[in-house]
Amino acid sequence: MLSLEFIRKNPDVVRRAAELKGEPAPVDEILEVDQKWRAHQHKAEEIKAQQNDLSKEFARTRDEALKTRLREMAETAKTELALADAVKRELDDLLLRVPNIFHESVPIGETEAENVVIREWGTKPDLGFPPRTHYDLGEALGIMDFERAVKIAGSRFAFLVGDGARLERALVQLMLDVHTREHGYTELWAPMLVNSAAMTGTANLPKFADMLFKVEDRDLWLIPTAEVPVTNFHREEILDADRLPLKYVSYSPSWRTEAGAAGKDTRGFIRMHQFSKVELVKVTTAETSLDEFEKLTADAEDILQRLGLHYQAMAMCTGDMGFAQYKKYDLNAWAPGLDRYLEVSSCSTFNDFQAMRANIRYRAGRGTPPRFAHTINGSGLALPRTIDAIIETYQRSDGMVAVPEVLKPYMGGVELIGAR
RNA sequence: GGGGAGGUGGCUGAGUGGCCGAAAGCACCCGCCUGCUAAGCGGGUAGGGGGUGUAAAGCUCCCUCGAGGGUUCGAAUCCCUCCCUUCCCGCCA
């Protein structure tokens, strides 16, 4: 979230950012409630201070009249504090609903049409024959099964079968190996159900509850991304600055209701209720976060390059960026069969927006006050669409799919999917 | 799931109604001492918020001893509920 102090001092900056993001921001309401809260707070504190003083006096004098007066004061203080607390809760709730501001380098725009391609790697491959889609090939090769998944779970679920499942596992291994051994990330295996506080820390709550699966009768939610448990790993902590940046990589399934995506990407292995993802997370300082964000994006891109997949890196415009993000890049891999780019990674930096919610701080030096950390994350990469791009890019005219060179060590001798 | 013990600052840990936001130790910082290092000596070091400052500093007040509620003039300390840790038993991958 944005600090109350920041909103007090820069209401116009906050209003403008919200407007360009297409998000509502209760700035005026906050300023109003803030006034109210401070008045109550001040009054409550005055009574309390007086009460504390007189209470000490009573300890000495044991004066019964004073005791009666103190009893009344205690009542007054209690009601006034309760009033102040109620207003503060209202204020806190409003603060959680204010979108983040964005970095000055973010392109201004309303829709995805105004996103900007900042990099392109490789070119669209010319296969020399009409490319087929991954779902067509996947079902023909028996490595993807959507029909049976519908039977046991519903739409937007899938089975990967045989070499399909193996391909997914190989990709996870490759990504984890590269990120831990070469990019310096520490692997985390994280809880995949988290509580409301954690969800609030990463800003999935309160605004986006309808995107999440919730466990009945418990304060537990299925994670929509490992970003949630991993970013919250250091919640309520004060870190030493010389330990930063902290770099974590975590493989996990991710669950999303895909509310609001009805009718979109219903065909194929693209937009699933459950999917695997290798997620990169950094916790860093204010000074280094933009730089670390670029490096994290490069780490994700490295995987695409090793896989030999053509992709574009896009800078998201304000309107397409989202509530919590300070700056965001999407990596879109080319899928020849679908004849379109698929978003396989989304890399974001949050400034101190998440850290403030999760209360993650660091101390820059002895005797200096703690500061809120900056958090960064990005997929490195999301599995289904990466698999799609691989299948469609490495397909052959005979309907079989070649295993990319880097994956061969992980495929247990399988070099060609479909050869039996 | 049943029963016992417990949750205090960066860490260890004392504190059973006011003198406690908290002894002591460790760690760390500053200074002194020392040829250097170690030791020693002196001082300092929790977080959040309000008010007052142009800002910082400072001053001042309030809150925080797992969370919430209660008793009391007054709660780290007493009572209740919940969460968590740990031990024993039960169950089970």
Side-chain angles (χ1 to χ4, degrees), chain A residues 1-11 13 30-96 98 189-201 205 215 217-221 229 232-244 246 283 285-286 352-373:
Chain A
M1 60 185 175
L2 299 173
S3 74
L4 187 52
E5 197 189 357
F6 182 83
I7 298 173
R8 275 178 200 149
K9 287 178 182 163
N10 311 280
V13 174
I30 284 172
L31 295 176
E32 206 174 291
V33 176
D34 177 38
Q35 287 294 332
K36 208 164 115 190
W37 170 63
R38 284 200 276 182
H40 282 300
Q41 178 73 4
H42 190 63
K43 192 171 166 200
E45 284 183 1
E46 269 183 346
I47 297 169
K48 196 70 193 163
Q50 199 187 356
Q51 190 197 346
N52 288 345
D53 281 348
L54 290 177
S55 201
K56 278 174 198 140
E57 192 184 320
F58 173 79
R60 288 195 310 270
T61 63
R62 298 279 156 183
D63 180 73
E64 280 302 313
L66 184 56
K67 183 170 176 174
T68 313
R69 195 179 149 207
L70 274 167
R71 201 173 287 157
E72 287 162 11
M73 280 188 79
E75 279 306 310
T76 321
K78 200 165 140 188
T79 35
E80 195 57 41
L81 270 173
L83 207 54
D85 282 354
V87 179
K88 185 59 165 51
R89 273 196 296 276
E90 192 186 336
L91 187 57
D92 288 341
D93 183 64
L94 286 168
L95 285 172
L96 289 176
V98 177
W189 180 82
M192 289 159 205
L193 295 173
V194 302
N195 59 29
S196 300
M199 283 293 187
T200 306
L205 288 178
V215 175
D217 300 327
R218 292 214 185 202
D219 183 31
L220 285 174
W221 307 74
N232 279 284
F233 189 61
H234 291 290
R235 70 176 296 115
E236 312 288 340
E237 290 183 26
I238 300 176
L239 307 158
D240 287 333
D242 50 21
R243 286 181 59 203
L244 305 178
L246 292 164
V283 179
T285 63
D352 57 7
F353 193 81
Q354 289 183 324
M356 214 174 269
R357 290 170 162 246
N359 199 20
I360 305 164
R361 294 170 292 175
Y362 68 96
R363 211 183 287 278
R366 294 291 313 178
T368 62
R371 300 168 67 189
F372 285 104

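Chain letters run A, B, ... following the sequence lines, proteins first and then strands; every chain starts at 1. Values reported hereafter were calculated over all heavy atoms of this structure, with side chains retained and with hydrogens, waters and symmetry mates removed.
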> Which distance, rounded to the nearest 0.5 Å, do you find between the CD of A:Glu80 and the NZ of A:Lys43?
Replying inline: 4.0 Å
>> Tell me the closest heavy-atom pair linking A:Ala77 and A:Ile47, and the distance in Å.
In response: CB-CG2, 3.7 Å
> B:G58 pairs with which nucleotide, Watson-Crick or G-U wobble, both distances below 3.5 Å?
Replying inline: B:U52
> Who pairs with A:Ala358 by side-chain contact (heavy atoms from CB on, under 4.5 Å), at least two apart in sequence or on another chain?
Replying inline: A:Asn232, A:Arg235, A:Ile360
> Checking all strands, does A:Arg8 fall into the base, sugar-phosphate, or nothing category for heavy-atom contacts under 4.0 angstrom?
Replying inline: sugar-phosphate
> Say you pick atom C1' in B:A76 and the same atom in B:G9; how far apart are they, in whole Å?
Replying inline: 13 Å
>> In this structure, how many angstroms lie between the P atom of B:G74 and the CE atom of A:Met73, rounded?
In response: 11 Å
>> Could you tell me how far apart A:Glu236 (CD) and B:G10 (C1') are, to the nearest whole angstrom?
In response: 16 Å
> Expressed as a whole number of Å, how far does the C1' atom of B:A56 sit from that of B:U71?
Replying inline: 45 Å
> On a whole-Å scale, what distance lies between the P atoms belonging to B:A23 and B:U37?
Replying inline: 32 Å
> Across all strands shown, which nucleotide pairs with B:G1 by Watson-Crick or G-U wobble geometry, both distances under 3.5 Å?
Replying inline: B:C89
>> Looking at every heavy atom in both A:Met356 and A:Ser3, which two are closest together, and how far apart are they?
In response: SD-N, 3.5 Å
>> Going by purine N1 to pyrimidine N3 plus the second Watson-Crick contact, or the G-U wobble pair, all under 3.5 Å, which nucleotide sits opposite B:G18?
In response: B:C73
> Which value, in whole Å, describes the distance between the P atoms of nucleotides B:G15 and B:U77?
Replying inline: 15 Å
> What are the two closest heavy atoms between A:Phe372 and A:Ala355, and how far apart are they?
Replying inline: CD2-O, 3.7 Å
> Rounded to the Å, how far apart are A:Leu239 CG and B:G10 P?
Replying inline: 12 Å
> Does OP1 or OP2 of B:G47 have a side-chain N or O of A:Arg363 closer than 4.0 Å?
Replying inline: yes
> Considering Watson-Crick and G-U wobble pairs with both distances under 3.5 Å, what does B:G6 pair with?
Replying inline: B:C84
>> If I take atom CD in residue A:Glu80 and atom P in nucleotide B:G50, what distance separates them, rounded to the nearest angstrom?
In response: 17 Å
> Mind checking whether A:His42 and A:Glu46 have side chains closer than 4.5 Å, heavy atoms only?
Replying inline: yes
>> Can you work out whether A:Pro370 or A:Lys9 has the more 5'-proximal nearest nucleotide on RNA chain B?
In response: A:Pro370
> Counting only Watson-Crick or G-U wobble pairs whose two distances fall under 3.5 Å, which nucleotide matches B:C32?
Replying inline: B:G40
> Just by protein heavy atoms under 4.0 Å, how would nucleotides 59-73 of chain B read 5' to 3' in B, S and -?
Replying inline: --BBS------SS-B
> In whole angstroms, how far is the C1' atom of B:C29 from the CG atom of A:Asp242?
Replying inline: 14 Å
> Is there a salt bridge (charged side-chain N to carboxylate O under 4.0 Å, His left out) between A:Arg89 and A:Asp85 once you walk through the steps?
Replying inline: CA-CA 6 Å; A:Arg89 273 196 296 276; A:Asp85 282 354; 5.2 Å; no
>> Does A:Lys67 form a side-chain contact (heavy atoms from CB on, under 4.5 Å) with A:Glu64? I'd like the steps, not just the answer.
In response: CA-CA 5 Å; A:Lys67 183 170 176 174; A:Glu64 280 302 313; 3.9 Å; yes
> Closer than 4.0 Å, any side-chain N/O of A:Arg361 to the OP1 or OP2 of B:G48?
Replying inline: yes
>> Can you measure A:Trp37 atom CH2 to B:G48 atom P for me and round it to whole angstrom units?
In response: 14 Å
>> Nearest whole Å is fine: how far is B:G51 C1' from A:Ile47 CD1?
In response: 15 Å
> If we call it a pair only when both distances are under 3.5 Å in a Watson-Crick or G-U wobble match, what pairs with B:A46?
Replying inline: B:U64
> In whole Å, what separates the P atom of B:C29 from that of B:U86?
Replying inline: 33 Å
>> In whole Å, measure the gap between the C1' atoms of B:A46 and B:U34 for me.
In response: 34 Å
>> Roughly how many Å apart are B:A22 and B:U64, using the P atom of each and rounding to a whole number?
In response: 14 Å
